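To start, the structure itself, in structure tokens.
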Amino acid sequence: MAWLKIAHAGGIGRNAVRLIQTDGRGRMDPDALAETIATDIFSGRMPVMIAATAGTTNAGMVDPLTRCRELAREHGMWFHVDAAWGGALIASDTGGALKGIERADSITIDARKWFATTMGAGMFLTSRPDVAAQVFRVDASYMPRSDTAKDFFVNSSQWSRRFVGLRLFLALAAAGWTGYAGHVERAIRLADRLARRLQRDGWSLANDSPMAVACLVPPKGHEAVRSYVDAVRRDGRFWVSTAVFEGKTVLRACITNGRTSERDIDALVDTLNAVGLSIGAQRRNPT
């Protein structure tokens with residue numbers, strides 16, 4: 001939904017944004033995307049950018065990046081990948097989940113999420129730094145002249161900025177890409193452990209994500225999700241949330257903290273199962 005805010009702030013209006021339907025599994029439907037582009041062109045509009053997501057916030061799903069890029073090239077559009085949450089997977093080759101991201105014109109990654117840095121460390125990568133420089137370059141007598149896109153005041157709306165990148169730089173210097181690969185792969189294993197254990201107890205897994213997020217449905221169905229989430233929050237040892245995935249409410253468990261352990265996962269499973277027993281007892285003995 002950030003694109004609605006961006007379009008509004010950028011002055012083109014929220015109606016300039018086209019939201020594309022999913023394929024029933026939480027990913028952008030490339031056929032629906034192609035049809036929307038064709039309809040807009042036929043109507044005299046000018047599509048300018050495809051923004052695909054690599055790691056949706058609610059379910060960790062990855063849009064068909066390769067197909068999106070092909071459509072962008074076919075119609076002369078900019079291809080952007082929003083990898084704000086899932087971008088840390090670039091540190092790992094697990095399953096090639098981000099295949100096609102290397103062909104994007106631009107990528108955003110929020111380092112405060114799975115890269116585990118502090119707030120404010122956003123990342124913008126582009127294969128076309130010349131475009132940013134064309135957009136933002138302004139000559140001013142009080143600023144040094146520069147023809148290099150590496151100068152931040154040349155290629156962004158900010159004239160100056162804090163050295164926020166130091167936070168990520170120091171983490172990479174200490175852990176390296178190998179350390180970050182271990183970090184994300186461990187989180188994925190823990191999410192898989194949670195899903196497998198709950199599935200053995202009658203839960204179902206709604207999403208099929210390559211990332212460390214599980215969207216789960218309790219044995220008592222989607223309607224019972226809120227009761228489970230409220231009970232876990234009252235317990236205070238864990239944090240889960242509700243999310244809407246493909247139109248239905250699910251329990252969302254996202255694991256990004258490097259200190260989360262298998263013991264924590266097993267304790268959460270026990271807590272959820274205890275909540276289920278409590279809900280069952282309340283239904284048998286209504287007050």
Side-chain angles (χ1 to χ4, degrees), residues 1-23 26-30 32-65 68-69 71-73 75-87 101 104-115 117-138 140 149 152-162 164-165 241-247 249 252 254:
M1 294 298 102
W3 291 104
L4 295 175
K5 297 176 70 173
I6 291 167
H8 192 108
I12 61 175
R14 300 188 181 205
N15 290 337
V17 178
R18 296 286 182 267
L19 301 179
I20 308 301
Q21 71 185 49
T22 60
D23 59 2
R27 304 175 179 89
M28 186 191 295
D29 184 341
L33 173 62
E35 183 178 348
T36 302
I37 293 171
T39 299
D40 274 348
I41 292 174
F42 180 79
S43 301
R45 301 183 179 94
M46 184 183 295
V48 296
M49 180 175 69
I50 294 173
T53 303
T56 58
T57 302
N58 66 334
M61 307 307 293
V62 181
D63 289 336
L65 304 182
C68 287
R69 191 264 185 187
L71 285 169
R73 289 295 175 269
H75 295 285
M77 301 168 69
W78 187 275
F79 177 42
H80 176 77
V81 176
D82 180 352
W85 183 68
I101 195 172
D105 294 302
S106 58
I107 304 166
T108 46
I109 302 175
D110 196 339
R112 74 172 176 85
K113 296 180 179 177
W114 216 0
F115 268 106
T117 63
T118 53
M119 289 286 288
M123 302 161 66
F124 176 76
L125 302 91
T126 180
S127 60
R128 295 289 310 279
D130 56 303
V131 173
Q134 290 171 26
V135 171
F136 294 110
R137 178 180 282 115
V138 174
F152 292 136
F153 73 91
V154 171
N155 61 18
S156 80
S157 59
Q158 294 175 292
W159 286 101
S160 58
R161 64 182 69 186
R162 294 172 295 158
V164 177
S241 65
T242 60
V244 176
F245 180 67
E246 291 297 307
T249 302
R252 177 183 180 272
C254 179

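Being a predicted model, the structure only gives us computed values, none of them experimental.
Of all heavy-atom pairs spanning L125 and I109, the tightest one is CD1-CD1, 4.2 Å. Heavy-atom minimum distance, V62 versus A54: CG1-CA, 4.1 Å. Between M61 and G26, the shortest heavy-atom contact is CB-O, 3.4 Å. What you find for C68 and A52 is that their closest heavy atoms are SG-CB, 4.1 Å.
Residues meeting the salt bridge (charged side-chain N to carboxylate O under 4.0 Å, His left out) test with D29, sequence neighbours left out: none. Take D40 and apply the salt bridge (charged side-chain N to carboxylate O under 4.0 Å, His left out) test, not counting sequence neighbours, and it matches R18, R45. Residues passing the salt bridge (charged side-chain N to carboxylate O under 4.0 Å, His left out) test with R69: none are found, sequence neighbours excluded. Here A121 pairs with A111, T117, V164 under the side chain to side chain contact (heavy atoms under 4.5 Å, CB included) rule; sequence neighbours left out. Taking T126 as the reference, W78, S106, F124, R128, P129 meet the side chain to side chain contact (heavy atoms under 4.5 Å, CB included) condition, with sequence neighbours excluded. In terms of the side-chain hydrogen bond (donor to acceptor under 3.5 Å, both in side chains) criterion, residue partners of T242 (sequence neighbours excluded) are, by chain and number, R226. Residues satisfying the ring-ring contact (aromatic ring centres under 6.0 Å, His included) criterion with F245, sequence neighbours excluded, are absent altogether. For the side chain to side chain contact (heavy atoms under 4.5 Å, CB included) test, residues two or more places apart in sequence or in another chain that qualify with A7 are I12, V17. For R73, the salt bridge (charged side-chain N to carboxylate O under 4.0 Å, His left out) partners are D105, not counting sequence neighbours. With sequence neighbours left out, the side-chain hydrogen bond (donor to acceptor under 3.5 Å, both in side chains) criterion links T57 to no other residue.
Taken from OG1 in T22 to CZ in R27, the straight-line distance is 10.0 Å, to the nearest 0.5 Å. In this structure, the separation between CE on M77 and CD1 on I50 is 4.5 Å, given to the nearest 0.5 Å. Note: R14 CZ to K5 NZ = 8.5 Å, rounded to the nearest 0.5 Å. In this structure, CE on M28 lies 9.5 Å from OG1 on T36, to the nearest 0.5 angstrom.
Relative ring orientation between W114 and W85 is described as parallel, the plane-to-plane angle staying below 30° on a 0-90° scale split at 30° and 60°.
Residues H80 and T108 form a side-chain contact, since some pair of their non-hydrogen atoms from C-beta on lies under 4.5 Å apart.
Taking the ring centroids of W3 and H8, they lie at or beyond the 6.0 Å cut-off.
For residues 77-86, the set of pairs meeting the salt bridge (charged side-chain N to carboxylate O under 4.0 Å, His left out) definition, not counting sequence neighbours, is empty. Among residues at least two apart or in separate chains, there is no salt bridge (charged side-chain N to carboxylate O under 4.0 Å, His left out) pair with a member in residues 46-62.
Although no hydrogens or angles enter the test, the distance criterion places a donor-acceptor pair under 3.5 Å between the side chain of R252 and the main chain of N58.
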